[in-house]
Amino acid sequence: PRLGAGAAPPPGWAPRRAARAHPRPVPVAVGSVLSSYGWYMLLAAVAVYLLVQKVSRSLAARPSGRPGAAEAAEEPDVVVRRQEALAAARLRMQEELNAQAERYKEKQKQLEEERRRQKIAMWESMQEGKSYKGNLKLNQQEVESGASTSAVPKSKPNKKPLRGGGYNPLSGEGGGTCSWRPGRRGPSAGG
């Protein structure tokens, strides 16, 4: 908005000044730099301090001069001896493992052979009309009699059967007073 000839300018208004060709450099105060970048400079100083400490420790720990070269010459021999000892220990462990595996295979072969013998014995007893359990008992008695020849097999006393010959649980005869009868057919009573 333009002002008229008799109008007064509003308060705080000033006419524009002409732009200068070369602006003046503004001096930067040290306080403004510290306030803007102070924390970054502090962290950088701590990092540099820690780095210097670490480098000085590593230099102090390293032996100085030529004696380090002699130790370096001995070190490969020590390394070679360690590797040879490690290889020998691994070889011993592998041999023990192989021996254990062989013993396990032998046990498995013996168990398989025993199972095969039992199956053959069971088959033969079934062919003869005997039960397998009876054959097993006979085999155990033969082993015991082979161990002690003075043992005489004892005969079992005759026992009378628990039930009579005419007992049949499905027919209900010969079983005493108890018998089962089916329930009534038809709709259920209730509900």
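All heavy atoms count here, side chains included; hydrogens, waters and symmetry mates do not.
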Taking the side chain as every heavy atom from C-beta outward, state whether R90 and M93 have any atom pair closer than 4.5 Å.
no
Taking a hydrophobic cluster as the set of Ile, Leu, Val, Met, Phe, Trp and Tyr residues connected by side-chain heavy atoms closer than 4.5 Å, whether directly or through intermediates, do L91 and L97 fall within one such cluster?
no
Side chains of residues 48-57: which donor-acceptor pairs under 3.5 Å do they make with residues two or more places apart or in other chains?
unit_1	atom_1	unit_2	atom_2	d
S56	OG	V52	O	3.3
S56	OG	Q53	O	2.8

Any chance you could measure L111, atom CG, to R116, atom CZ, to the nearest 0.5 Å?
13.5 Å
Could you please spell out the steps behind the side chain to side chain contact (heavy atoms under 4.5 Å, CB included) verdict for L86 and Q83?
CA-CA 5 Å; L86 186 61; Q83 289 177 349; 5.5 Å; no
For N98 and E102, test the side chains for any donor-to-acceptor distance below 3.5 angstrom and give the result as yes or no.
no
At what distance, to the nearest 0.5 angstrom, does CD of E106 lie from CZ of R103?
11.0 Å
Can you tell me how far apart CZ (R115) and CE (M122) are? Round to the nearest 0.5 Å.
13.5 Å
Are any non-hydrogen side-chain atoms of Y104 and Q100 less than 4.5 angstrom apart?
no
Any side-chain heavy atom of R117 sitting closer than 4.5 Å to one from E113?
yes
